[in-house]
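Heads up, the thing below is written out as structure tokens.
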Number of protein chains: 2
Amino acid sequence: MALNATLAAPSKSRLAYDFIKARIEDSRYSPGYRLVLGAIAGELGVSVVPVREAIRLLEAEGLVQFERNVGAQVAMADPREYEVTMQTLSLVEGWATAASAPFMTADDVARARATNDQLAESLHHFDPVAFTRLNLDFHSVLFEHCPNPHILDLVDRGWARLRALRESTFSFVPGRAKESVAEHAHILDLIEGSADPVELEFAARNHRLATLDAFLAHERARLHHSDQPTQESA
Amino acid sequence: MALNATLAAPSKSRLAYDFIKARIEDSRYSPGYRLVLGAIAGELGVSVVPVREAIRLLEAEGLVQFERNVGAQVAMADPREYEVTMQTLSLVEGWATAASAPFMTADDVARARATNDQLAESLHHFDPVAFTRLNLDFHSVLFEHCPNPHILDLVDRGWARLRALRESTFSFVPGRAKESVAEHAHILDLIEGSADPVELEFAARNHRLATLDAFLAHERARLHHSDQPTQESA
DNA sequence: GTGTACGAAATAATATACGATCTCATCACA
DNA sequence: TGTGATGAGATCGTATATTATTTCGTACAC
């Protein structure tokens, strides 16, 4: 009987799933990288069957693209994909935040404020990775009490997808981070004031959409100024 | 070269996926039904590998529950699951409807009205299956122009899940169907009047939540009146 | 020189086989 | 009568092997 959960070895397919997903999220496998069944299987010391299963699951989550008889590759990171992902996340995250609010404790709010202070602090020294982590910490507190597990799962998937898309490539627009911190504070004020749920939902939704809009405006400006397709990455 | 798409045989895993999903949705495999790999593989004339893959994908969609070394079964249909599914669907469907509206043609609206008339007609002779089909036809027109493919996919999954949950078991509450038809008409009026997108989103969202609320109220009343746990199924 | 046909190498898709794990009935013993 | 051990059967998990498909290099024809 497998009561002793600490000893239960993960299945090979789970192993492969975690292995590949982690590499996609931290960009060791970057968009377009080709996922060859045999190679990954060899690296992991398992057969191709569980690796294939893992890849098909990641395909269902949108992290990889799969073509029959050809193979899989890490999903491409084009602006349109970023836009669609951000829209979807704005929708589910907004709801999750509003639905979580009634269950938040004073301590939760205090933790979120502390994290937001750290975010404000981090504005002085440019560090996309740290900012992204703190940002997730902040939002995690906001939706961790979400009573709808399906929607919470969609929020998780959205964040995973953003990481896979190399969020920092897209979302670091000059000046946006500062606005973001201010919007966080506003959301916390609404929560503390037990604001109307719809108002809170739209504050959270628009917070994310504002980041998207900043990117789109920045992109348009960039394309307008210099028509040469040089892609300066941060 | 596989240019001739008409001749391209579906993969075995796709075959198994469609086979199982169809059976879940039309209740030949009802909630709790045990999905035995070998049995399904034998029935389909394929090996267990693609069947297993199909089942894991269906698990990711929430249509089946899977337990390691034990097996899979069609997801159970309890009221809580219905509630969560309806909430999620209300969210994504509301957005999809509002986002589709600007792209709807006069013909689209006319088609939707005609379908709603048929729905009104069908109220006279009780036929859950026909009602459900017409209802999907109606809503399909409303969100078919949704510009966000992720959200459209979530809407599809929500509907699939409702079918799997034997929607009719839950959602047929006396009098609700008639209200539903009236709400449909209201939504069409908003679309024709180019109403505020947020107003439209909430009209569509609340339309679904009203169905959920009717069920929950009906359920409470039922539990209150007769405490005996007899489950009278239609 | 350009395009097409062919074939070898790489890779995916799936069948088969076997070992691992769970379930459940049975039985021993308190 | 109840509780725990035991083993057979069922089923899952995955390695291995085979087949099918694609890709790409090379040679040949025009």
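Lettering follows sequence order; numbering is per chain, from 1.
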Hits for salt bridge (Lys or Arg N to Asp or Glu O under 4.0 Å) against Lys21(B), two or more places apart or cross-chain, chain-then-number order -> Glu61(B)
Q.
If you count heavy atoms of other groups shown closer than 6.0 angstrom to CZ of Arg23(A), is the number above 12?
A. yes
- Query: Below 4.5 Å, heavy atoms only, C-beta onward: do Arg56(A) and Leu57(B) meet side chain to side chain?
  - Reply: yes
Are any protein N/O atoms closer than 3.5 Å to N/O atoms in nucleotides 12-14 of chain C? If there are, list each pair with its distance.
| unit_1 | atom_1 | unit_2 | atom_2 | d |
| --- | --- | --- | --- | --- |
| dA12(C) | OP2 | Leu37(A) | N | 3.2 |
| dA12(C) | O3' | Asn69(A) | N | 3.4 |
| dA13(C) | OP1 | Asn69(A) | N | 3.0 |
| dA13(C) | OP2 | Arg52(A) | NH1 | 2.1 |
| dA13(C) | O5' | Arg52(A) | NH1 | 3.4 |
| dT14(C) | OP1 | Lys12(B) | N | 2.5 |

Output for pair (Trp159(A) CH2, Phe143(A) CZ), nearest 0.5 Å, gives 6.0 Å
With the side chain counted from C-beta on, respond yes when Thr88(B) and Trp95(A) share a heavy-atom pair under 4.5 Å apart, and no when they do not. no
